[in-house]
Visitor: 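Just dropping this structure here.
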Amino acid sequence: MRMSKLVGRRLKEDPKDAKTVSHQYLLRGGYMRMVSTGIYSLLPLGQRIVAKIEEILREEMNAIEGQEVLMPVVLPAELWEESGRYQVVGAELLRFKDRNEKPMLLGMTHEEAVVHMARTEITSYKQLPAMLYQIQTKYRDEARARGGLIRCREFTMKDAYSFHVNQEDLEKYYERAHQAYVNIFRRVGMNNVVSIEANSGMMGGKVSHEFIAVADCGEDTIILAEDGTYRANCEIATAAWLFTKEAEQALEKVHTPGKKTIEEVAEFLAAKPENTGKAVFYQDAKTGQLVFAVIRGDFEVNEVKLQNLTKIAELKFADDATIKAAGCEPGYASPIGINKKNIVIVVDRSVVESSNLIVGANEADYHYKNFNFERDLGAADVLIADIATVRDGDPATTTGAPLRLSRGIEVGNIFQLGTRYSAAMGCNYLDQNGKSMPMVMGCYGIGVGRAMASVIEQNFDEYGPIWPITIAPYEVQICALDPKKPGISETSEKFYSELTAAGLEVLYDDRGEKAGFMFNDADLIGIPFRLIVGARNLAEGKIELKIRGEKDSRLVDISETVELIKQLVAAEYEKFR
RNA sequence: CGGGGUGUGGCUCAGUCUGGCUAGAGCGCUGCGUUCGGGACGCAGAGGCCGGAGGUUCAAAUCCUCUCACCCCGACCA
């Protein structure tokens, strides 16, 4: 490709709205343009990268017996009504009506569509297991798109769905899919991706893993043990907290004027936050059901754990009126004397296993000292569970190694769905005994554009992205410096045709711009190998070879250049096998 | 959905508070010339209903009302 004809200009200044590195470089390098909030067009350079990522995805999916299909973007609402998700999912699902007033939607994920396919095509245990996948457009009407391709509304996703005769077979396949994902992220050049246990949320099913590209701009918080033995999303992470019991002391009511927060109360009573208990009121956003959570003062309630435990889809902080209606005093709420009727009470292990805590007195300006769970509240009608948020430095459950918080981008997600969809939608097969059974399903997703952005987040310098050769838009770039000088243009053209003939993908900067101008553009395009044809070196029979991401360049004999590049490119690919 | 902010050539912005000349700058773009190894320079050009609609005024990018769009923080996120 000749640069003089390449569509997609590079920008000298950072676009004002781009905050993350990948967003800035994708715009500045001329890889993509925004068309509307969270909706982007890919320019030729971006599309070339995406096509290469997709090819790697196909290879890895095919390697685990995947069969590529293509399902529609526009789906009838009735299909989603079968699974129940038409009602459950909120405004992110874009709904509309066709000319006959028939309710339709834009697919945000394709469990329903693939079940529709599987239940008509697969009828016998002899056809199982089977895996179907597609690389296709998804639409999610995000409340807030951000970060360019990191979180957008329309995006390309590789989504795969597997069907099995039983849970055991699913689990075996799930392991293979997990390994395929590890391969994919290595091959596209993400050098720091961890798979972690995750909350399966509305997808249903129990076991799920997220693949997280560790990057500061990430939206997810993940918990990693320093020795690598524990990895989990902070939403479900736990730790080997140690609590100690002491001799119980008598309950004592104390005056704590104006002291509301844990810190204020603890300081006022010359205690530490871990000597206190914290009471937090939540309510079901839909039904209003009140939930009373008690946890030690030095912990924070993990709302995702609480939601999973109480099976409430959406929790919010309870308002003061609701709290008062339940007979409690906001700010001084107490587990002592609480009316257990009509309130879901959840007590964290930290409170159950500690002694003599300071808690509210359910009366303004008063607290109790020496609260002990068994004696003062009791386990009857109380849920005892781990609802604590892991803190930096907490000990891992595996080895006790300190846990650390990191930020990351969710680049892949795999679920063991079970029969959540197949049972609801009649996706059955006949087993050996002629008995109709629901298929056991798994699903496996990777966002293609997000993967491209994440590669940048892990491979860049102050000048631009540094593409791994496996997904670089081109393998070699030729910069013809001052092409009017004798020999420059001829030599560059010769390299261009010879390298292209050798099967290499070459971007040829034939524009005759100033050297610095071309170098800066080349850095933004981030191609691994760069040949610089200039008068100075040409007089010596030499060509400069610069490897993107390396500081120094080297001189190569003209006669050896083509052969050397072929070898270097081949060797570079080997690194990603 | 809360809170904050921004809309002026392709891009980044000034001008708005305090209304008034032909609406500006840098980058980019076109032509000519000089340059030529890390974003050169000169000359000459093209390109704007100042987000939109109403209003106030002799006069509106600027003041008022309404509206739309976008960004950031939070909530949400299969």
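Each chain gets a letter, A, B and so on, in the order the sequences are listed, and its residues count up from 1.
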Visitor: Hunt down the Watson-Crick or G-U wobble partner of B/G19, both distances under 3.5 Å, from any strand shown, or write none.
Guide: none
Visitor: Any idea which of B/C77, B/G39, B/A78 is nearest the A/M108 side chain?
Guide: B/A78
Visitor: Whole-Å distance between B/C11 P and A/L27 CG?
Guide: 11 Å
Visitor: Quick one: list whatever passes ring-ring contact (aromatic ring centres under 6.0 Å, His included) with A/Y139, sequence neighbours left out.
Guide: none
Visitor: Can you check the distance between B/G26 and B/U18, where both ends of the measurement are the C1' atom (answer in whole Å)?
Guide: 28 Å
Visitor: Going by distance alone, is a donor N or O of one side chain under 3.5 Å from an acceptor N or O of the other, for A/E303 and A/Q307?
Guide: no
Visitor: Which whole-number value in Å describes the distance from A/K19 NZ to B/U6 C1'?
Guide: 11 Å
Visitor: Could you state the atom-to-atom distance from CG of A/L106 to C1' of B/A78 in whole Å?
Guide: 16 Å
Visitor: Tell me the interatomic distance from A/E219, atom CD, to B/C72, atom P, rounded to whole angstroms.
Guide: 11 Å
Visitor: What nucleic acid atoms does A/K514 come within less than 4.0 Å of, heavy atoms only: base, sugar-phosphate, or nothing?
Guide: base
Visitor: How would you label the contact of A/K546 with the nucleic acid (heavy atoms, under 4.0 Å): base, sugar-phosphate, or nothing?
Guide: base
Visitor: Any donor-acceptor pair under 3.5 Å linking the side-chain atoms of A/D159 with those of A/Q134?
Guide: yes
Visitor: Mind checking the C1' distance from B/U22 to B/G48? Whole angstroms is fine.
Guide: 14 Å
Visitor: Cation-pi check, A/R140 to A/F155: give yes when NZ or CZ is under 6.0 Å from the six-membered ring centre and within 45° of the ring axis, no otherwise.
Guide: no
Visitor: Using heavy atoms to find the nearest nucleotide of RNA chain B for A/L11 and A/K485 separately, return the residue whose nucleotide is more 5′.
Guide: A/K485
Visitor: Measuring only the C1' atom in each nucleotide, how far is B/A60 from B/G19? A whole number of Å is fine.
Guide: 6 Å
Visitor: So for A/R140 and B/C77, does any side-chain atom that can act as donor or acceptor lie under 3.5 Å from a complementary atom in the base?
Guide: no
Visitor: Counting side-chain heavy atoms from C-beta on, which of B/C77, B/C71, B/C11 comes nearest to A/E13?
Guide: B/C11
Visitor: Any idea which of B/C36, B/A78, B/C13 is nearest the A/K484 side chain?
Guide: B/C36
Visitor: A/F517 CZ to B/C29 C1': how many Å, rounded?
Guide: 11 Å
Visitor: According to the Watson-Crick and G-U wobble definitions, with both distances under 3.5 Å, which nucleotide is paired to B/U62?
Guide: none
Visitor: Could you tell me how far B/G9 sits from B/A25 if I compare only their C1' atoms? Round to whole Å.
Guide: 12 Å
Visitor: Have a look at A/D523 and say if it touches a base, only the backbone sugar-phosphate, or nothing, with a 4.0 Å heavy-atom cut-off.
Guide: base
Visitor: If I take atom CZ in residue A/R9 and atom P in nucleotide B/C11, what distance separates them, rounded to the nearest angstrom?
Guide: 9 Å
Visitor: Describe, in one word, how the ring planes of A/H164 and A/Y173 are oriented to each other, choosing from parallel (under 30°), tilted (30 to 60°) and perpendicular (over 60°).
Guide: tilted
Visitor: Sticking with atom C1', work out how far B/A75 lies from B/G3, rounded to a whole angstrom.
Guide: 11 Å
Visitor: Distance check needed: B/C70 P versus A/H23 NE2, whole Å only.
Guide: 13 Å
Visitor: Roughly how many Å apart are B/G31 and B/C71, using the P atom of each and rounding to a whole number?
Guide: 36 Å
Visitor: Under 3.5 Å, is there a donor on one side chain and an acceptor on the other for A/R119 and A/Y421?
Guide: no
Visitor: NA contact type, A/D17, heavy-atom cut-off 4.0 Å: base, sugar-phosphate, or nothing?
Guide: sugar-phosphate
Visitor: For the side chain of A/S36, starting at C-beta, report the closest nucleotide among B/A75, B/G39, B/C70.
Guide: B/C70
Visitor: For B/A44, give the paired nucleotide (Watson-Crick: N1-N3 plus N6-O4 or O6-N4; G-U: N1-O2 and O6-N3; both under 3.5 Å), or none.
Guide: B/U30
Visitor: So, is A/T37 close to the B/C71 phosphate, meaning a side-chain N or O under 4.0 Å from OP1 or OP2?
Guide: yes
Visitor: Hey, are A/R530 and A/D523 close enough for a salt bridge, meaning a charged N less than 4.0 Å from a carboxylate O?
Guide: yes
Visitor: Can you check the A/D521 CG to B/G39 P distance for me, whole Å?
Guide: 13 Å
Visitor: So A/R153, base contact, sugar-phosphate only, or nothing? Heavy-atom distance under 4.0 Å.
Guide: nothing
Visitor: Searching all strands shown, indicate the nucleotide that pairs with B/A69 (Watson-Crick or G-U wobble; both distances under 3.5 Å).
Guide: B/U6
Visitor: Could you tell me how far B/G42 sits from B/G28 if I compare only their P atoms? Round to whole Å.
Guide: 12 Å
Visitor: Under the salt bridge (Lys or Arg N to Asp or Glu O under 4.0 Å) rule, what do A/K542 and A/D557 come out as? Steps first, then yes or no, please.
Guide: CA-CA 5 Å; A/K542 302 281 190 188; A/D557 273 0; 2.7 Å; yes
Visitor: Taking any heavy-atom pair under 4.0 Å as a contact, classify A/R146: base, sugar-phosphate, or nothing.
Guide: base
Visitor: Would you kindly compare A/A18 and A/Y463 by the position of their nearest RNA chain B nucleotide and give the one closer to the 5′ end?
Guide: A/Y463
Visitor: Between B/U57 and B/C72, how many Å separate the two P atoms, rounded to a whole number?
Guide: 41 Å
Visitor: Now, which nucleotide makes the Watson-Crick or G-U wobble pair with B/C50, with each of the two distances under 3.5 Å?
Guide: none
Visitor: Between B/A78, B/C70, B/U12, which nucleotide has the shortest distance from any of its atoms to the side chain of A/K16?
Guide: B/U12
